[in-house]
Amino acid sequence: MSSAEGAPLVLVSNRGPVTFQEDGEVKRGGGGLVTALTGLASHRDAIWIASAMTEQDIAVSDEHGGRPFTAELPDGGSYKVRLVASDPGAYDRFYNVFANPMLWFIQHYLWDLSNAPDIRREEVEAFEFGYNVVNEDLARAVLEEIDGQEEPVVMAHDYHLYTLPGLVRRERPDAFLHHFIHIPWTQPDTWRVLPTRIRREIYEGLLANDIIGFHTRSYQRNFLQCCRDLMDLEVDFERGIVFWHEHEVWVRAYPLPIDADATRAVARRPRTAEFEGELLRRRREHLILRVDRADLSKNVLRGFTAFDVFLEQHPEFRERVTFVAQLMPSRTDVPEYAEYLERIEAVVAVVNHRHGTPDWMPIHLKLRDDLEEAVAAYKNYDVLLVNAMFDGMNLVAKEGPLVNERAGVSILSENTGAHEELGEFALSVNPFDIQELADSIHAALTMSPEERKRRLEGLKGIVTQRDPGDWIDEQLADIRKKERGDGT
Ligand code: F6P
């Protein structure tokens with residue numbers, strides 16, 4: 001029995017479902033990937049192999065002799081996890097020098113070419129002695145877990161693991177390898193900044209997969225184009241296939257849905273109600289909300305500048321509207337991210353100073369990751385701002401409307417994966433156009449109640465059409481189809 005037919009699935013990603021705190025407390029891993037995979041792991045029997053990302057994770061991994069164990073989460077759910085501890089120096093190069101910022105920057109069009117990104121020995125070594133080492137460590141754990149399984153199915157996730165499939169394939173030609181990439185796939189020229197040898201290793205690693213999944217058809221198309229232009233391979237755009245040696249790689253789009261039941265359950269928690277009470281006590285007539293990781297791709301600064309312009313151009317809204325920005329500090333050991341946080345705080349101070357009054361602070365900046373606090377705000381926003389420059393999917397754009405109770409309007413960047421599904425009912429914006437963003441804030445706050453309701457109902461309808469169970473079933477169905485040798 002292969003795992004597409006019911007044997008435990010082997011999932012592998014850098015970030016796992018849990019991280020361990022100094023006091024021994026277990027915390028849910030953050031981000032869209034974890035949301036997707038926890039949904040997946042709760043629908044199917046699975047073992048989840050992930051990196052031990054903190055010192056506490058390493059200690060817990062050691063306690064279990066590097067073997068799988070069951071991790072219970074405080075708010076429910078338990079996962080069979082295997083945490084893999086890599087050499088700390090190698091891990092630092094992997095995470096802080098190569099995966100972020102290099103790959104992440106390339107795949108979000110963030111690399112500032114006018115500022116000459118230099119690739120020196122440090123970056124090349126970060127690939128060789130960091131990225132590849134962590135991929136090898138995780139591949140070894142995968143091989144141990146599938147040992148003895150016939151035609152096992154391995155599902156790898158995201159940009160951290162591009163060379164892992166090649167390593168697994170070498171030892172297990174019979175394995176079915178599936179890889180889902182949660183971030184955009186950019187156009188061919190963006191990849192030319194990487195040294196040719198590194199670029200080849202990345203593409204060769206990925207092409208060892210049987211199926212590669214993306215959130216959208218546009219990332220799927222970009223990947224096919226890259227294989228044709230950068231690797232000189234034959235591709236079939238219509239059927240979504242790359243021909244690689246004797247092997248066909250299927251390239252597909254599987255847009256990630258949210259787990260509506262899980263989000264609604266968070267909305268009902270007493271702690272969420274406490275945050276809501278506090279929010280309602282302090283709210284003005286209108287509430288604008290954004291919830292993001294403090295990541296350069298999220299375009300936080302332009303969002304605040306647009307709010308500044310809006311207040312300047314529409315002074316009648318002063319003291320009547322508050323902008324709540326809940327931003328989770330992220331990847332703070334990467335200098336670009338640490339500096340970005342400082343710039344965010346500086347811009348907020350300027351806007352608050354320029355427009356604030358003794359009893360009104362225009363922007364409330366909350367630098368933390370608190371799910372209940374975010375969901376309390378989702379229920380109560382009038383405007384949800386999702387203005388990422390580029391974003392693989394963006395689940396906030398789906399979770400917010402699901403639980404919103406105020407006919408809130410979504411302002412949504414046309415460069416998010418979510419826009420392919422939700423664009424019709426959102427106010428679409430070009431995230432670089434600050435005046436358009438400011439105008440959209442005004443349009444949202446002055447829209448008729450009927451139109452707001454129509455849009456929100458439309459969004460709720462779309463985000464409840466599929467759930468993570470469907471998402472995984474669509475992928476497993478393609479795995480079975482390909483295993484059986486059925487057409488595309
Ligand atoms: O897909 C992007 C992703 O890997 C998601 O898990 C999440 O949005 C974010 O990046 C998390 O990043 P990190 O694991 O570096 O905190």
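Indexing begins at 1, ligand by ligand and atom by atom, following the structure's order. Predicted model, so just to flag it, every value in this text is computed and none were measured. Numbering of residues begins at 1 and proceeds along the displayed sequence.
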Pair [X], [Y]: side-chain N/O donor-acceptor within cut-off below 3.5 Å:
X: Glu276; Y: Asn380; answer: yes
X: Tyr91; Y: Asn14; answer: yes
X: Ser428; Y: His419; answer: yes

> Among all protein non-hydrogen atoms, which one is nearest to atom 8 (O) of ligand 1, and what is the separation to 0.1 Å?
Replying inline: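 Answer, as residue, atom name and distance: Gly32 N, 3.5 Å.
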> What protein heavy atom sits nearest atom 16 (O) of ligand 1, and how far away is it?
Replying inline: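 The closest heavy atom on the protein side is Arg15 NH2, 3.0 Å.
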>> Are Trp48 and Phe69, when compared by the centres of their aromatic rings, separated by less than 6.0 Å?
In response: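 Between Trp48 and Phe69, the centre distance exceeds or equals 6.0 Å.
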> How about His157 and His179: are their ring centroids closer than 6.0 Å?
Replying inline: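 His157 vs His179: aromatic centres not under 6.0 Å.
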Any nitrogen or oxygen of [X] lying under 3.5 Å from a nitrogen or oxygen in ligand 1? Just yes or no.
X: Arg331; answer: yes
X: Asp158; answer: yes
X: Tyr95; answer: yes
X: Leu33; answer: yes
X: Trp104; answer: no

> Short list, please: which atoms of ligand 1 are under 4.0 Å from a heavy atom of Ile183?
Replying inline: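 Result: 1 (O), 2 (C).
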> Is the closest heavy atom of Met393 to ligand 1 under 4.0 Å?
Replying inline: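 Met393 does not count as a contact of ligand 1 under the 4.0 Å cut-off.
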>> If we ignore hydrogens and angles and just use 3.5 Å, is the side chain of Tyr131 paired with the main-chain N or O of Tyr162 as donor and acceptor?
In response: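 The answer is yes, because a donor-acceptor pair under 3.5 Å joins these two groups.
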> Which residue pairs satisfy the salt bridge (Lys or Arg N to Asp or Glu O under 4.0 Å) criterion with at least one member in residues 328-338, sequence neighbours excluded?
Replying inline: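 Qualifying pairs, neighbours excluded: Asp295-Arg331.
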